[in-house]
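Here's the structure we're looking at; comments come further down.
Source: prediction; values computed, not measured. Heavy atoms only: backbone and side chains are in, while hydrogens, waters and symmetry mates are out.
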2 protein chains.
Amino acid sequence: MQPVPAFRILLIDDHRLFNDGVKSLLNDQPDLMVCGQVFQASEVLSAIQRTNPDLILLDINLQGSNGIDLGKTILGHYPDLRVLILTMYSQPKLLDETRKAGLHGYLLKDATTHELLQVIREILGGNTYFDTNVADLSSTADNTFSDRFAQRLNLTFRELEIVSLIKEGLNNEQIAERIHLSIETVKTHRKNIYFKLDISKATDLVRFAIEHGL
Amino acid sequence: MQPVPAFRILLIDDHRLFNDGVKSLLNDQPDLMVCGQVFQASEVLSAIQRTNPDLILLDINLQGSNGIDLGKTILGHYPDLRVLILTMYSQPKLLDETRKAGLHGYLLKDATTHELLQVIREILGGNTYFDTNVADLSSTADNTFSDRFAQRLNLTFRELEIVSLIKEGLNNEQIAERIHLSIETVKTHRKNIYFKLDISKATDLVRFAIEHGL
DNA sequence: GTTCCCATACCGCTTTCGGGGTATTTTTCA
DNA sequence: TGAAAAATACCCCGAAAGCGGTATGGGAAC
């Protein structure tokens, strides 16, 4: 019936409806088939053994564990498997962890179906894909984000340092202590940062910093 | 072609993949059809007018706004519409809010497809359905991401609303205007939020909100 | 039917932030 | 070797946030 065997995909997501929905979407594709669905982290390894998948779609938010660690575990046992993280979390930190864990992709759940299919085929073809919508960094991120943003937004290194500390929740006094400056200097830097980013308060800065992975 | 016209269903969920998945599931049913998909709260009313649905499947966690309020608004404009909340949040309080808002159902996203179809038909038949699996999660604090729920569960609905507005960058005055409260009340809520989350300032809150997808 | 929680609202007081400046010393680099 | 940019530092002042209270009405819960 199937002239070329389809790629086998295992879905791991404790949201059954999402799981079912993706299954339905994927099974519409002639070259892809869902070989199994898992709703709990504990069942993953046995399901892999049973269903022999080529690719695993893995949610981060699993009951009892987190998807990135689970992905790492899976690769430890089955190094040839491809693993794509599929998540609602648009967090550069998580994307970074995913990359560092050696997983093959990170896609947001608000991607379109078309994007999902593209990414799946990309990964099955041996490439990786890390959603650029998570942060403004290209898929070939070899240099630090800071450098890129420093240039783009004309933030100096000192300013970036202070952005980072503000993001961490330090106030002017704490920042001054931490990097051995006068509070007044910190305030000056802060003012300059606000001016350059065209914002007016710390909450804006935190949002900006997190959204841009600073 | 269709001897009996199918019920028309409008999907509102900013997770496109979930949206597409459910669409695919529903369109497999002869008596149901997805008449439209909406990814943003702002587009809902015009989409209803355009697509003339019988039932709306509504996520709670829409960017910026919240599904329950949106559902209430929808019923205000279209009282004959049926609205089913479809959410990942297993919170009795939210279920309760849904019921009080006069919406017709509350189903968890980890329901099975079969359950979803059953519930949809139940609601289209004039009944309501409120998921009995909605558990008090206060006891299950085990995995990495449970803090997202655990901590969030301590926040009341009003508090969550204010968290969201603070995250958006509004100050007390603006929040007070937006949701028609006294500034003093907003300050009180803010204090309570800080206490519950064990933080002390707005930047901490923004970080918390973003990291936890609020 | 009383107790607890939530949402509402106010007061006073202190600290921090944000916006307006100015100014000196390094560093960079053309 | 100069000019520009970066880093440092200070002043004033008003606005906002944060912290300590107290209080009341309405539901929900038990």
Side-chain angles (χ1 to χ4, degrees), chain A residues 146-147 149-209, chain B residues 66 68-69 91-102 130 134 136 138 152-209:
Chain A
S146 308
D147 289 340
F149 276 94
Q151 277 197 311
R152 173 107 38 98
L153 302 160
N154 298 315
L155 290 183
T156 69
F157 286 112
R158 205 50 157 174
E159 286 165 352
L160 277 170
E161 203 177 355
I162 287 173
V163 167
S164 183
L165 294 173
I166 292 172
K167 189 202 71 178
E168 299 301 329
L170 278 63
N171 65 21
N172 290 337
E173 194 186 359
Q174 294 167 323
I175 292 171
E177 277 170 23
R178 176 78 73 85
I179 57 180
H180 310 294
L181 287 180
S182 151
I183 291 187
E184 297 301 327
T185 307
V186 176
K187 288 176 76 175
T188 301
H189 282 307
R190 197 190 269 251
K191 276 185 278 194
N192 293 333
I193 292 164
Y194 288 178
F195 177 76
K196 286 182 178 178
L197 301 184
D198 190 26
I199 58 180
S200 67
K201 53 186 178 309
T203 52
D204 298 331
L205 186 61
V206 172
R207 231 179 322 123
F208 177 88
Chain B
N66 107 52
I68 297 176
D69 286 347
Q91 278 183 252
K93 230 150 254 168
L94 289 177
L95 186 144
D96 215 45
E97 284 288 330
T98 303
R99 203 196 297 268
K100 282 187 188 141
F130 294 92
V134 174
D136 198 349
S138 50
R152 258 178 81 173
L153 280 173
N154 294 331
L155 294 182
T156 69
F157 211 76
R158 203 49 153 178
E159 286 164 353
L160 278 171
E161 205 176 353
I162 287 174
V163 167
S164 182
L165 293 172
I166 293 172
K167 188 203 73 179
E168 299 300 330
L170 277 63
N171 64 22
N172 289 337
E173 193 186 359
Q174 293 167 324
I175 292 171
E177 277 169 25
R178 175 79 71 88
I179 56 180
H180 309 295
L181 286 181
S182 152
I183 292 187
E184 298 300 327
T185 305
V186 176
K187 288 174 81 174
T188 301
H189 282 308
R190 199 191 268 251
K191 277 186 278 192
N192 292 333
I193 292 164
Y194 289 178
F195 176 76
K196 286 183 177 178
L197 300 183
D198 191 28
I199 57 179
S200 66
K201 52 186 177 312
T203 52
D204 298 330
L205 186 62
V206 172
R207 230 178 324 120
F208 174 87

Report yes if at least one side-chain N or O of [X] is closer than 4.0 Å to OP1 or OP2 of [N]; otherwise report no.
X: A:Thr185; N: D:dA9; result: yes
X: B:Ser182; N: C:dC10; result: yes
X: B:His189; N: C:dT8; result: yes
X: A:Tyr194; N: C:dG18; result: yes

Handout entry: Closest-nucleotide 5' rank along DNA chain C - winner of B:Lys201 and B:Leu181
Key = B:Leu181
Practice task
Map A:Thr203 and B:Lys187 onto DNA chain C by nearest heavy atom, then report which one ends up closer to the 5' terminus.
Solution key: B:Lys187
Got [X] and [Y] here, is their nearest side-chain heavy-atom distance under 4.5 Å?
X: B:Asn172; Y: B:Ile166; value: no
X: A:Lys196; Y: A:Glu159; value: yes
X: B:Asn171; Y: B:Ile175; value: no
X: A:Lys167; Y: A:Leu205; value: no
X: A:Arg158; Y: A:Leu181; value: yes

For [X] and [N], what is the distance between atoms [atom1] and [atom2] respectively, to the nearest whole Å?
X: B:His180; N: C:dT8; atom1: NE2; atom2: C1'; result: 15 Å
X: B:Ile175; N: C:dA7; atom1: CD1; atom2: P; result: 15 Å
X: B:Ile193; N: D:dG18; atom1: CD1; atom2: C1'; result: 14 Å
X: A:Asn171; N: D:dC19; atom1: CG; atom2: P; result: 11 Å
X: A:Ile166; N: C:dC17; atom1: CD1; atom2: P; result: 9 Å
X: B:Glu184; N: C:dG12; atom1: CD; atom2: P; result: 10 Å
X: B:Phe195; N: C:dC5; atom1: CZ; atom2: C1'; result: 14 Å
X: B:Glu161; N: C:dC6; atom1: CD; atom2: P; result: 15 Å

Report which part of the nucleic acid [X] touches: base, sugar-phosphate, or nothing (heavy-atom distance under 4.0 Å, all strands).
X: A:Ile183; result: nothing
X: B:Ser200; result: sugar-phosphate
X: B:Asn192; result: nothing

Practice task
Would you kindly check whether a donor in the side chain of B:Lys191 faces an acceptor in the base of D:dG18, or vice versa, at under 3.5 angstrom?
Solution key: no
